[in-house]
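Worksheet: one structure, shown below.
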Amino acid sequence: MTQTLGFVGVGDLAEYTISGLRRGGYRGRILLSPRNHEMSKKLAQDWQCKVMESNQAVADSADQLILSTRPGQCLEALGELSLRTNQLIISVVAGVSIASLQEVAGNNCSIVRAMPVNCARACASPTLIYPEHEVVCNLFNYCGDSIAADDESAFDQGNIIACVYTWYFELFQQLIDATSGDSLSTGMASKLVLGMAKGAASLALDEQATPGEIAEIIATEGTFSKLGLDILKQASAFEPWQQACDKLSKQMRS
Ligand SMILES: NC(=O)c1ccc[n+]([C@@H]2O[C@H](COP(=O)([O-])OP(=O)(O)OC[C@H]3O[C@@H](n4cnc5c(N)ncnc54)[C@H](OP(=O)(O)O)[C@@H]3O)[C@@H](O)[C@H]2O)c1
């Protein structure tokens, strides 16, 4: 039976998630809330979605309803909906707990949290889910790999990595700028930096060894790799990453 997916809140997250779902082969119906009409219209044209006349019309027809407004708007948007018994709500809203959502939506519907990031557009989002839910896992597998958290605190802690994901782009840019110049064009440096990052991640996902162990295996005494790594370690280059993660962890718990 064809499933129907609805989005209440059509902004950046809806745009990249829908692009990824369709590119990954999702053929179900997709319904969109009308606010931000320009984006809804574009998604309707590009990815065979239907713009509905109200949020309620989306909820009425959706088998799975994705709540994708900003955190400050989500409880009000959810509270205004009249939901069916056992209706499945997937909240992608950062920092809003299941208990808060359930308080507004009532106990008759099922709530699952998910955190797709924008490489969903390239069908490559490692999407954290809580609680584990087969339908939701299958859905996000169209635009990457679903990863279920054991409890909500693991889900919240895992969300820090969705922020680390953004920092990678700055690091990539820094490395492209540092390695390009007269002999190597920016385009070539970009291909190499991004390709090496993709290769490193693929190898680390495949191997038994931890990423730290792989670095030690490669950067042995007398290698250029070790020469550079030693400079980074002497300059405590990795400590600010720890500090940034600690700060987010504290902030998200407060
Ligand atoms: N973008 C990301 O990379 C990312 C990553 C992970 C998680 N998230 C989560 O995803 C959620 C959406 O983020 P976003 O970046 O897509 O935000 P966004 O671009 O601002 O999109 C949110 C959309 O929801 C609309 N909206 C607000 N209230 C509404 C209501 N009552 N009914 C229907 N639509 C309503 C907004 O319209 P107006 O502009 O008119 O207010 C806007 O178009 C956030 O909660 C965020 O925590 C985002």
Side-chain angles (χ1 to χ4, degrees), residues 2-52 55 57-59 61-75 77-78 81 87-96 98 101 105 109-149 155-156 158-166 168-169:
T2 310
Q3 291 286 296
T4 299
L5 180 64
F7 282 79
V8 168
V10 180
D12 290 338
L13 181 134
E15 188 277 325
Y16 65 67
T17 303
I18 291 170
S19 308
L21 289 172
R22 286 297 194 218
R23 284 198 178 109
Y26 179 78
R27 298 275 170 267
R29 288 206 309 156
I30 299 181
L31 309 180
L32 306 175
S33 55
R35 189 158 150 179
N36 195 354
H37 188 69
E38 208 133 287
M39 176 73 91
S40 301
K41 207 172 121 196
K42 189 174 177 333
L43 284 169
Q45 278 167 0
D46 293 352
W47 299 112
Q48 306 87 50
C49 306
K50 185 169 180 203
V51 186
M52 303 299 276
N55 291 356
V58 176
S61 300
D63 298 300
Q64 299 104 34
L65 185 65
I66 298 195
L67 182 63
S68 44
T69 67
R70 295 227 156 213
Q73 300 157 323
C74 77
L75 294 178
L78 184 60
L81 296 174
Q87 183 147 18
L88 176 57
I89 314 284
I90 304 168
S91 169
V92 295
V93 178
V96 179
I98 292 196
L101 295 161
C109 56
S110 308
I111 298 180
V112 175
R113 293 178 68 187
M115 197 50 55
V117 287
N118 73 354
C119 54
R121 197 182 284 124
C123 296
S125 171
T127 302
L128 196 57
I129 311 268
Y130 178 76
E132 184 158 19
H133 190 290
E134 196 183 351
V135 171
V136 181
C137 284
N138 289 344
L139 179 70
F140 286 104
N141 280 342
Y142 280 101
C143 56
D145 289 312
S146 298
I147 301 170
F155 180 90
D156 286 330
N159 276 341
I160 294 170
I161 302 164
C163 301
V164 173
Y165 162 76
T166 313
Y168 287 150
F169 291 98

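Throughout, residue positions are numbered sequentially from 1 according to the sequence presented.
- Between the side chain of R23 and the backbone N or O of C123, no donor-acceptor pair lies under 3.5 Å.
- Rounded to the nearest 0.5 Å, atoms OH (Y142) and CG (L21) are 9.0 Å apart.
- S146 has its side chain out of reach of V136: every pair of non-hydrogen atoms, C-beta onward, lies at least 4.5 Å apart.
- No side-chain heavy atom of I66 sits under 4.5 Å from any side-chain heavy atom of S91.
- Distance alone, capped at 3.5 Å, places no donor-acceptor pair between the D63 side chain and the Q3 backbone.
- At distances below 3.5 Å, at least one donor-acceptor pair connects side-chain atoms of S40 with backbone N or O atoms of S33.
- Put simply, the side chain of L31 reaches to within 4.5 Å of the side chain of T4, judged on heavy atoms.
- To the nearest 0.5 Å, atom CZ of residue F140 and atom CD1 of residue I129 are 5.5 Å apart.
- Within the 4.5 Å cutoff, the side chain of I18 has no heavy atoms near those of the Y26 side chain.
- Closest heavy-atom contact between I111 and A105: CD1-CB, 4.2 Å.
- Here the CG atom belonging to N118 is positioned 7.5 Å from the OG1 atom belonging to T166, to the nearest 0.5 angstrom.
- Here CG of L75 is found 8.0 Å from CG of L67. Values are rounded to the nearest 0.5 Å.
- Listed for the D145 side chain is no donor-acceptor partner under 3.5 Å among the backbone atoms of P126.
- Scanning all heavy atoms of the two residues, the minimum distance from G9 to A14 falls at O-CB, 3.8 Å.
- Taking all atoms of both residues into account, the shortest heavy-atom contact from V92 to P116 is CG1-CD, 3.8 Å.
- Contact annotation: the side chain of T17 never approaches that of S68 to less than 4.5 Å [non-hydrogen atoms, C-beta and beyond].
- Using a 4.5 Å heavy-atom cutoff, the side chains of Q73 and R35 are in contact.
- Closest of all the heavy-atom pairs between A44 and V51 is CB-CG2, 4.0 Å.
- In this structure the side chain of L101 never reaches within 4.5 angstrom of the side chain of I89, judged on heavy atoms.
- Closest of all the heavy-atom pairs between A114 and I90 is CB-CG2, 3.9 Å.
- L5 contributes atom CG, which lies 11.0 Å from atom CZ of R29 (distance to the nearest 0.5 angstrom).
- Other residues, nucleotides and ligands place more than 12 heavy atoms under 6.0 Å from the OH atom of Y165.
- Inter-residue side-chain proximity for R113 and D156 is flagged as met; some heavy-atom pair is nearer than 4.5 Å.
- With S125 contributing its side chain and G144 its backbone, the two residues share no donor-acceptor pair below 3.5 Å.
- In summary, of the residues considered (K41, R121, K42, R22), a salt bridge (charged side-chain N to carboxylate O under 4.0 Å, His left out) with E15 occurs for R121 alone.
- Annotation for Q48: atom CD counts as buried by contact number, over 12 foreign heavy atoms lying within 6.0 Å.
- From Q87, atom CD reaches atom CG of L81 across 8.0 Å, with rounding to the nearest 0.5 Å.
- Nearest heavy-atom pair across V58 and G6 is CG1-CA, 3.5 Å.
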